[in-house]
Amino acid sequence: YFFTIFIISLLFIMIKPDGVQRGLCGVIIKRFERKGYKLIGLKMLNPTEEILKEHYKDLADKPFFKKLVNYISQGPVIAMVWEGVDIVKQGRRIIGETNPLDSAVGTIRGDFGLEVGRNIIHGSDSVASANREINLWFKADELIQWKNHSTEWIY
Ligand code: RTP
């Protein structure tokens with residue numbers, strides 16, 4: 001017998017400045033909503049270099065690190081927290097590969113992107129990094145627990 005245990009978890013998503021400037025916020029939010037995921041935190045901000053250096057600290061040795069931090073710090077970005085079953089892995093399937101040119105049509109990067117340095121969106125790559133990133137970008141009282149009551153008034 002094979003059992004797959006599906007665990008409800010959280011995913012940190014950031015719409016990068018190119019995604020905001022391209023007018024893709026709505027379509028990105030819709031793709032997570034229509035899959036069935038739940039939005040529990042959202043804000044627009046101009047991120048400081050400090051928060052971006054912490055966010056991308058694993059990339060500090062990469063040649064593109066400075067350019068990346070400098071670009072995203074121009075802002076604004078949309079930071080979000082999404083909740084649902086298997087969301088880290090499924091979120092990657094919704095987003096596509098790091099390079100938009102390697103991303104399947106139907107993914108966000110595959111449908112809307114051309115350049116790795118303008119790849120529209122960030123999503124956490126593991127449950128552990130999602131928790132780290134959520135703690136970095138959000139305060140506890142900025143995450144909203146809510147229930148769907150629409151069956152009480154949609155017939
Ligand atoms: P992601 O989760 O965003 O797909 O990216 P990743 O962590 O798989 O890829 P990583 O190599 O960690 O890159 C993180 C972000 O850095 C930018 N980047 N620029 N050659 C370049 O100019 C370059 N390579 C990566 C991208 O914005 C990427 O999302």
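Heavy atoms only: backbone and side chains are in, while hydrogens, waters and symmetry mates are out. Just so you know, ligand 1 is whichever comes first in the structure, and atom 1 is the first atom listed for that ligand.
Considering only heavy atoms from C-beta on, Met80 stays 4.5 Å or farther from Ile40 through its side chain.
A distance limit of 4.0 angstrom between heavy atoms and ligand 1 selects the residues Lys16, Leu59, Phe64, Leu68, Arg92, Thr98, Arg109, Val116, Asn119, Gly123.
Looking at Glu142 and Lys43, a side-chain N of the basic residue comes within less than 4.0 Å of a carboxylate O on the acidic one, giving a salt bridge. Here Glu54 pairs with Arg132 in a salt bridge; the nearest charged N to carboxylate O distance falls below 4.0 Å. Salt bridge Asp125/Lys89: absent, no basic N to carboxylate O contact under 4.0 Å.
With Arg109 contributing its side chain and Ile121 its backbone, the two residues share a donor-acceptor pair below 3.5 Å. Ser73 contributes no side-chain N or O that, together with a main-chain N or O of Thr48, makes up a donor-acceptor pair within less than 3.5 Å.
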